[in-house]
Each structure stands twice: as structure tokens, then as C-alpha cells.
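Take a look at the structure set out below.
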Amino acid sequence: MDLLNAERAFEDTPSAANTDTLDKAQKAYDEHLEDIPNNSKHSEKLGEAAARHHVIPNEFPTAEPVVRPKTPNGANLFDDVYKLSDDGDYLIVEEKAPSGDLDWRKGKADPDPSDPALHDGGGQGMRVKQGTRPYIRTILAEMTSRGGKDAEIAADLRAALREGKVQYVLVKAVDNVGHSYAGAVIEHLKI
């Protein structure tokens, strides 16, 4: 983050002070991460690690990760899903970098096979935002269309959602001026 910020400052104003800051940030980066390219994946991984190794174990100590099939590019699935109880309670987690925000995407219809007369529940023809019920239903539709284990998990989540047994949280790593982990914040999203 320090290197990205220094690069941006230098691009905006290529002054001697910004050159010095950029040089220092590059040296610190090289010292810690050597030949790994500097890209947004580092801060993204920080958000994931903050959720998986800090926030979820502390806030939901009995949570068990739901192992889900991966998609080729990581799209059309939740960052993480946990089973909270044998009674069908689940936790959906959005994991974000310090500068990350909830994203928008094109919605998709998600008819409920257990009650086809109900509204489709998804966001067909709309833009849907992470952290909302139409977003959940859009991702469930994507999972269902992939079939197999994804469709099974989607059916379980859809049933839990219908019964009010889904919690949805945003975990965001905290930005730290230094080089050590500064924790994370959790926000319970209303669905």
C-alpha cells in the first residue's frame, strides 16, 4: 500500500520529496517482498487472511468452512461461506482489502424450485450490490447453473435464507501506516 500510494503521489506531482518517498517505499517493498510484483492482490489477500484467521474464528468460533468448487476466475461465488450449526444456519462473508468496497454486478433471476410461484428473488435486469439479498440470490442462481456441488450448496443456502438462517458480514482489513497487521473490522449486513 505504501508503494502504491507513493507511486500515485509521484505520478500526480513528480517532486523531489515524492521521489524520495517513492524510493523509500520501493526499498521497503523490495526488502519484504523481493521479486513479487506489486499489485492489488496483496491487499486483497490481506482482507482474506484477516477474515479467515482473525475475525471469523474470534466472532464465530464454531463456524465450519463450507468447501465449494472454485470458478476459473474466482467470479460468481461468495468470498467465503461457513456453516454455523447443524440446524442449517450459515454465514456468508465478503472479504475486502483496506481500500476495498462492496461491488456491483449484473443481477440474475433465481427462481426458488421449492415454490415456483414466488417472485424470482434475484435481480434480473438490475444492478445488484454485494451485501444485499438480490446479490445473494444472483450468486445462488450462478451456483445453481453450474450444477453439481455448487447447486447443492445453493439449495441449502436458499432454504436457510428463506428461513432467516443466514448472516451476511463484511470483513475489511484495517489500513496500517506501518508494516504490521492492524486488525480488521466486521460489519453485519442487513438482508
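On a predicted model such as this, the values are computed, not experimentally measured, just so you know.
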(message) Can you list everything that forms a salt bridge (charged side-chain N to carboxylate O under 4.0 Å, His left out) with Lys165? Sequence neighbours excluded, please.
(response) Glu163
(message) What's the separation between atom CG in Leu77 and atom CD1 in Ile92, rounded to the nearest 0.5 Å?
(response) 11.5 Å
(message) Do Ile139 and Leu91 sit in one hydrophobic cluster, given that two such residues count as connected whenever their side-chain heavy atoms are within less than 4.5 Å of each other, even indirectly?
(response) no
(request) Would you give the length of the straight line joining atom NZ of Lys70 to atom CG of Asp150, rounded to the nearest 0.5 angstrom? (result) 10.5 Å
Side-chain donor-acceptor pairs of residues 49-60 under 3.5 Å, sequence neighbours excluded:
| from | atom 1 | to | atom 2 | distance (Å) |
| --- | --- | --- | --- | --- |
| Arg52 | NE | Asp80 | OD2 | 2.6 |
| Arg52 | NH2 | Asp80 | OD2 | 3.3 |
| Arg52 | NH2 | Glu95 | OE1 | 3.4 |
| His54 | ND1 | Tyr181 | OH | 2.6 |
| Asn58 | ND2 | His54 | O | 2.7 |

(message) Contact between Thr19 and Asp23 at the side-chain level, heavy atoms closer than 4.5 Å - yes or no?
(response) yes
(request) For Lys24, check side-chain hydrogen bond (donor to acceptor under 3.5 Å, both in side chains) against everything at least two apart and list the hits. (result) Asp20
(message) For residues Leu46 and Val171: do they belong to one hydrophobic cluster (side chain heavy atoms under 4.5 Å, members Ile, Leu, Val, Met, Phe, Trp, Tyr)?
(response) no
(message) Any non-hydrogen side-chain atom of Thr144 less than 4.5 Å from a side-chain atom of Lys108?
(response) no
(message) Counting C-beta onward and ignoring hydrogens, is there a side-chain heavy-atom pair between Arg133 and Leu161 closer than 4.5 Å?
(response) yes
(request) With sequence neighbours left out, write down each residue that passes side-chain hydrogen bond (donor to acceptor under 3.5 Å, both in side chains) with Glu142, or none if nothing qualifies. (result) Arg105
(request) Decide yes or no for Asn18 and Leu22: does some side-chain heavy atom of the first lie under 4.5 Å from some side-chain heavy atom of the second? (result) no
(request) Quick one: pull up CG in Asp12 and CD in Glu7 and give me the separation to the nearest 0.5 Å. (result) 12.0 Å
(message) Whether the side chain of Arg158 engages the backbone of Asp110 through a donor-acceptor N/O pair (distance < 3.5 Å, no angle test) should be reported.
(response) no
(message) Working to the nearest 0.5 angstrom, can you tell me the gap between Asp89 CG and Thr62 OG1?
(response) 9.5 Å
(request) Determine, using the 4.5 Å side-chain heavy-atom cutoff (strictly less than), whether Tyr82 and Phe78 are members of one ILVMFWY cluster. (result) no
Without placing hydrogens or testing angles, list every side-chain donor-acceptor pair under 3.5 Å for residues 184-191, not counting sequence neighbours.
none

(request) Would you check if Tyr90 and Gln167 make a side-chain contact, meaning some heavy-atom pair closer than 4.5 Å? (result) no
(message) On a heavy-atom basis, which atom in Val128 and which in Pro134 lie closest, and how many Å separate them?
(response) CG1-CB, 3.7 Å
(request) Could you state whether Val166 and Ile153 fall into the same hydrophobic cluster, counting links through intermediate Ile, Leu, Val, Met, Phe, Trp or Tyr residues with side-chain heavy atoms under 4.5 angstrom apart? (result) yes
(request) Under the side-chain contact (heavy atoms from CB on, under 4.5 Å) rule, collect the residues that match up with Lys106, sequence neighbours excluded. (result) Arg127
(message) Can you tell me how far apart CG (Asn76) and OG1 (Thr71) are? Round to the nearest 0.5 Å.
(response) 6.5 Å
(message) If I compare all heavy atoms of Ala25 with all of Ala6, which pair ends up nearest, and what's the gap?
(response) CB-CB, 3.9 Å
(request) Kindly assign one of parallel, tilted or perpendicular to the pair Tyr168 and Tyr135, based on the angle between their ring planes and the thresholds 30° and 60°. (result) parallel
(message) Please determine whether residues Val93 and Leu84 belong to a single hydrophobic cluster, defined as Ile, Leu, Val, Met, Phe, Trp and Tyr linked transitively by side-chain heavy-atom distances below 4.5 Å.
(response) yes
(request) Decide, yes or no, whether a salt bridge links Asp103 with Lys96 under the criterion of side-chain N to carboxylate O below 4.0 Å. (result) yes
(message) For the backbone of Gly100 and the side chain of Lys172, can you confirm whether one donor and one acceptor N or O come within less than 3.5 Å of each other?
(response) yes
